[in-house]
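Below is one structure; the comments refer to it alone.
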Amino acid sequence: MKGRASPQRTILVDGKPLPELLDEAMIRAVVHGFYADVRRDPLIGPIFNAAIAPDEWPAHLDKLCDFWSATLLRTDRYGGRPLPPHLRIPGLGEDHFRRWLSLFRDTVQRLCPADVAALFMDRALRIAHSFRLAVAFSRGEDTTTIAPIAGDGL
């Protein structure tokens, strides 16, 4: 109806309300902080720095913020397909995913309250497992032996 504000929508994640502290500013801080660490990392930094030119990083970080906003805040800002570029990375393996997750865990624990960090990590662990399966499948490898990486095993 005209003149009436629409009701505030409660975002549920796994049946629980999204923590109020999780907002676009926190997502931006996590994405920018995390990828600053990634770019300096001796294991995965070279992979990212070879794939993304220095002048392309600002746009890429914006896209990553859109991805995490869509993933956690249920916005419609991201419309891409994150998997295909990862399938083209030669030699991408479990050590890389473990390092990615370890750096990500360190970032969210440093920047977020515990409940928000746990939410970020839950999604990151799911994404990593999905990508690991897809990479192995695309290479014709046996995916039945690939177990999810546990957050406590990083």
For residues 75-88, pull every pair meeting salt bridge (Lys or Arg N to Asp or Glu O under 4.0 Å), keeping only residues two or more places apart or in separate chains. Glu24-Arg77, Asp66-Arg77

Suppose we screen for side-chain contact (heavy atoms from CB on, under 4.5 Å). Which residues come up paired with Ala128, at least two apart in sequence or across chains? Phe97, Leu101

Under the ring pair (Phe, Tyr, Trp, His ring centres under 6.0 Å) rule, collect the residues that match up with Tyr78, sequence neighbours excluded. Phe67

Residues in ring pair (Phe, Tyr, Trp, His ring centres under 6.0 Å) with His96, at least two apart? none

Find out if a path of hydrophobic residues (ILVMFWY) with successive side-chain heavy-atom gaps under 4.5 Å connects Val30 to Met121. yes

Partner set under side-chain hydrogen bond (donor to acceptor under 3.5 Å, both in side chains) for His32, not counting sequence neighbours: Arg28

Hphob cluster co-occupancy, Trp68 + Leu61, side-chain heavy atoms under 4.5 angstrom: yes

Aromatic ring pairing Phe104/Trp100, orientation class (parallel under 30°, perpendicular over 60°, tilted between): parallel

side-chain contact (heavy atoms from CB on, under 4.5 Å) partners for Ala134, two or more places apart: Leu83, Leu87

For Phe131, give me all partners under ring pair (Phe, Tyr, Trp, His ring centres under 6.0 Å), at least two apart in sequence or on another chain. His86

Pairs touching residues 34-55 that satisfy side chain to side chain donor-acceptor pair (under 3.5 Å), sequence neighbours left out: Asp37-Arg40, Asp41-Arg99

Following the transitive rule for hydrophobic clusters with a side-chain heavy-atom cut-off under 4.5 Å over Ile, Leu, Val, Met, Phe, Trp and Tyr, establish whether Ile47 and Leu43 coincide in one cluster. yes

Can you list every side chain to side chain donor-acceptor pair (under 3.5 Å) pair that touches residues 132-150, not counting sequence neighbours? Glu94-Arg132, Asp142-Thr144

Who are the ring pair (Phe, Tyr, Trp, His ring centres under 6.0 Å) partners of His129, not counting sequence neighbours? none

With a cut-off of 3.5 Å and sequence neighbours excluded, list every side-chain donor-acceptor pair involving residues 106-113.
| from | atom 1 | to | atom 2 | distance (Å) |
| --- | --- | --- | --- | --- |
| Thr107 | OG1 | Leu103 | O | 2.9 |

